[in-house]
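As structure tokens, the structure follows; a few thoughts come after it.
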Amino acid sequence: MDEAKGGPALRIGGVTLDTARGCLRGADGAEIALAPKPFDLLVLLARNPGRTLSKDALLDAVWPGVHVTEDSLVQAVRTARRAIGDEEGRVLRSVPRRGYLLETTAEPAPPPPAAAPAITPLDRPALAVLPFANLSSDAEQEYFSDGITDELITQLSRARWFYVIARNSSFTYKGRAVDPRQVGRDLGVRYVLEGSVRRAAGRVRIACQLIDAETGHQLWAERFDSTLDDIFELQDRVAEAVAGAIEPSLQHAEIRRAQTKPTGSLTAYDLLLQAMYWQRTQMREGNEKALCLLREAVQLDPEFALGKAQLANMTAFMTVNTWADEAIQEEGARCARAAVASTWDDPLALALAAHALAFYGADHSTARAAAARAQVLNPNSAVIAACAGWVYNFNSEPRVALEAFQHALRLSPLDPTIERTYAGLSSVHVAFGDYASALEWAERSVQVAPYHSPGHRYVIIANWLLGREDAGRAAAARMLALFPTARAHIRQYRDTAFREKLIGALVAAGIPE
């Protein structure tokens, strides 16, 4: 509908139809996500305020030259109402057996305020989500492909450690065959997510891939097949799955990029990424190098909340492997408190700091509040879900912890730190008294990460509580061979009886007190 483009911006209640830019803006000037067809519908009705437009007229104007059913119009109306805050249909009214009208006077909107001077952001990655291509012959599928794109932009924007380009810029590439490297140059992004939607016989296939915009290389790809029973539920499910998979893929790519940067040009963020590389070696020397890099990052940028949170989390990992002295532990607890105090809107920083706070038993109530907020801010991060699971676990809430760990596993079943989730699932099953399941999860943790001591601890505990004393002693001997200074000391759990139960099993199996 070409007439929807150009002309003055129109105000409808508290929102503005910016016809020149092709977007809907709220009272604060922020863009409200809205697919093209519902936007065109609003523009047409706004240019005819108080006038009933028939369904046929709307179908012909919004879908010119394309045969679509009335269901497409109904869905567009529903979407438009939701965007303008009119779910009850008092502004965009249905006129029975006739059509629709806009019960308001659309007035020219004042020009938007001048943009504030650009602030140079921290050197962090940026991602553009290109409009998913509709590979179906059915034009109605355009709604679904645009809806998937909108939902992905919304969900991925919840993360704070990378930037997501706004819909208005991404949708300028709709319907165009474009080289991801050109998108990278145009929008200043390092990564591009693109995909397609194909519908046939009541089923839909969604394919997507993450591309390095500098090299054009594919970093990750996935395909989703499902029925079309509930379009909105399917959009949500796909967006959750993609967002959960993209975050670790992006992080892995960023860690590799940081490893190649010259030492003299490293930012605090680069230092954090290099630290994550060394931490993932799970060796003592690597973890000590990671700790030094994180200290350097925080010194370079004293306001770097994520750096402080990662440092705190790093010390917790070193402590559980008996690689940290009291000074390092105190440093970790101090950085965790500082990270939570300095940010309440960075979900990853909150989750990492909350985990460290709960681990050190420093402040369970603050840790729980921070973890819960992190999950609200970004519900599609496996790292955040796993950290929250451990916070609830330490707070002696095994059922809440179980939900968080299961969510983390669903989001990223091949996560590079999956052993932490496995160990957490083992712990909650011990709390439930299901020692067989606890043993199964603990053995999985040890299998994928032999140098992650919690997995070994729960192999010992589960075996002992199952009455398999010889297996428990053998597991204890294996742990002491890897961690000679390991002790049965456990201080994290609020439930004293549960903590003593764990300690008792470890000591009985041969781990020194």
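Between the side chains of Arg444 and Gln447, no donor-acceptor pair of N or O atoms lies under 3.5 Å. Side chains of Thr343 and Asp346: a donor-acceptor N/O pair is absent below 3.5 angstrom, by distance only. Judged purely by distance below 3.5 Å, without hydrogens or angles, the side chains of Asp270 and Thr267 pair a donor atom with an acceptor atom. Residues Asn463 and Tyr435 bring no donor and acceptor atom of their side chains to less than 3.5 Å of each other.
Taking each heavy atom of Ala382 and Leu411 in turn, the nearest pair found is N-CD1, 3.8 Å. Of all heavy-atom pairs spanning Ala370 and Leu350, the tightest one is O-CB, 3.9 Å. The two residues Val192 and Ala213 have their closest heavy-atom pair at CG2-CB, 4.1 Å. Closest approach of Ala385 to Gln375, counting heavy atoms only: CA-NE2, 4.4 Å. Nearest heavy atom pair, residue Ala126 against residue Val189, reads O-CB, 3.5 Å. Nearest heavy-atom pair across Asn393 and Ser427 is ND2-OG, 2.9 Å.
Side chain of Asp325 to backbone of Ala327: a donor-acceptor contact under 3.5 angstrom is found. Put simply, the side chain of Thr149 gets close to the backbone of Phe132: a donor and an acceptor are under 3.5 Å apart. Remark: side-chain polar atoms of His456 are not paired, donor with acceptor, to backbone N or O of Ser445 under 3.5 angstrom. The backbone N or O of Tyr493 lies less than 3.5 Å from a partner atom in the side chain of Arg499, making a donor-acceptor pair. Here the side chain of Thr319 pairs no donor or acceptor atom with the backbone of Ala324 at under 3.5 angstrom. With hydrogens and angles ignored, the 3.5 Å screen pairs a side-chain donor or acceptor of Asn321 with a backbone N or O of Tyr451. Without hydrogens or angle criteria, Lys308 side chain to Glu303 main chain gives no donor-acceptor distance under 3.5 Å. No donor-acceptor pair closer than 3.5 Å links the side chain of Ser145 to the backbone N or O of Val197. A distance-only check finds a donor-acceptor pair linking the side chain of His429 to the backbone of Leu425 [under 3.5 Å].
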**Worked verdict on Trp441 versus Val428 for side chain to side chain contact (heavy atoms under 4.5 Å, CB included)** = CA-CA 10 Å; Trp441 288 112; Val428 297; over 6 Å; no

**Message:** For Leu156 and Val129: C-alpha separation, side-chain torsions, deciding distance, then whether side chain to side chain contact (heavy atoms under 4.5 Å, CB included) applies.
**Reply:** CA-CA 9 Å; Leu156 290 169; Val129 183; 3.9 Å; yes

**Leu193 and Leu127: CA distance, side-chain angles, deciding distance, side chain to side chain contact (heavy atoms under 4.5 Å, CB included) verdict** = CA-CA 7 Å; Leu193 178 68; Leu127 168 73; 4.1 Å; yes

In a table with atom names and distances, give each donor-acceptor pair under 3.5 Å that connects a side chain of residues 399-409 to protein atoms at least two apart or in another chain.
unit_1	atom_1	unit_2	atom_2	d
His407	ND1	Arg410	NH2	2.7
His407	NE2	Pro379	O	2.7

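Residues Arg158 and Leu377 are not in side-chain contact: their nearest non-hydrogen atoms beyond the backbone lie 4.5 Å or more apart. Under the 4.5 Å side-chain criterion, counting only non-hydrogen atoms from C-beta, His489 is not in contact with Ile503. The shortest side-chain heavy-atom distance between Trp464 and Arg473 falls under the 4.5 Å cut-off. At a threshold of 4.5 Å between non-hydrogen side-chain atoms, the residues Trp278 and Glu288 do not count as touching.
The aromatic rings of Trp323 and Phe317 sit perpendicular to each other, their planes meeting at more than 60°, with 30° as the lower class boundary.
For residues 166-196, no pair satisfies ring pair (Phe, Tyr, Trp, His ring centres under 6.0 Å), with sequence neighbours left out.
The pair Asp146-Lys174 meets the salt-bridge criterion, since a charged nitrogen lies less than 4.0 angstrom from a carboxylate oxygen. Using a 4.0 Å cut-off between charged side-chain N and carboxylate O, Arg337 and Asp363 make no salt bridge.
The environment of CD in Gln299 is sparse: at most 12 heavy-atom neighbours from other residues, nucleotides or ligands sit within 6.0 Å.
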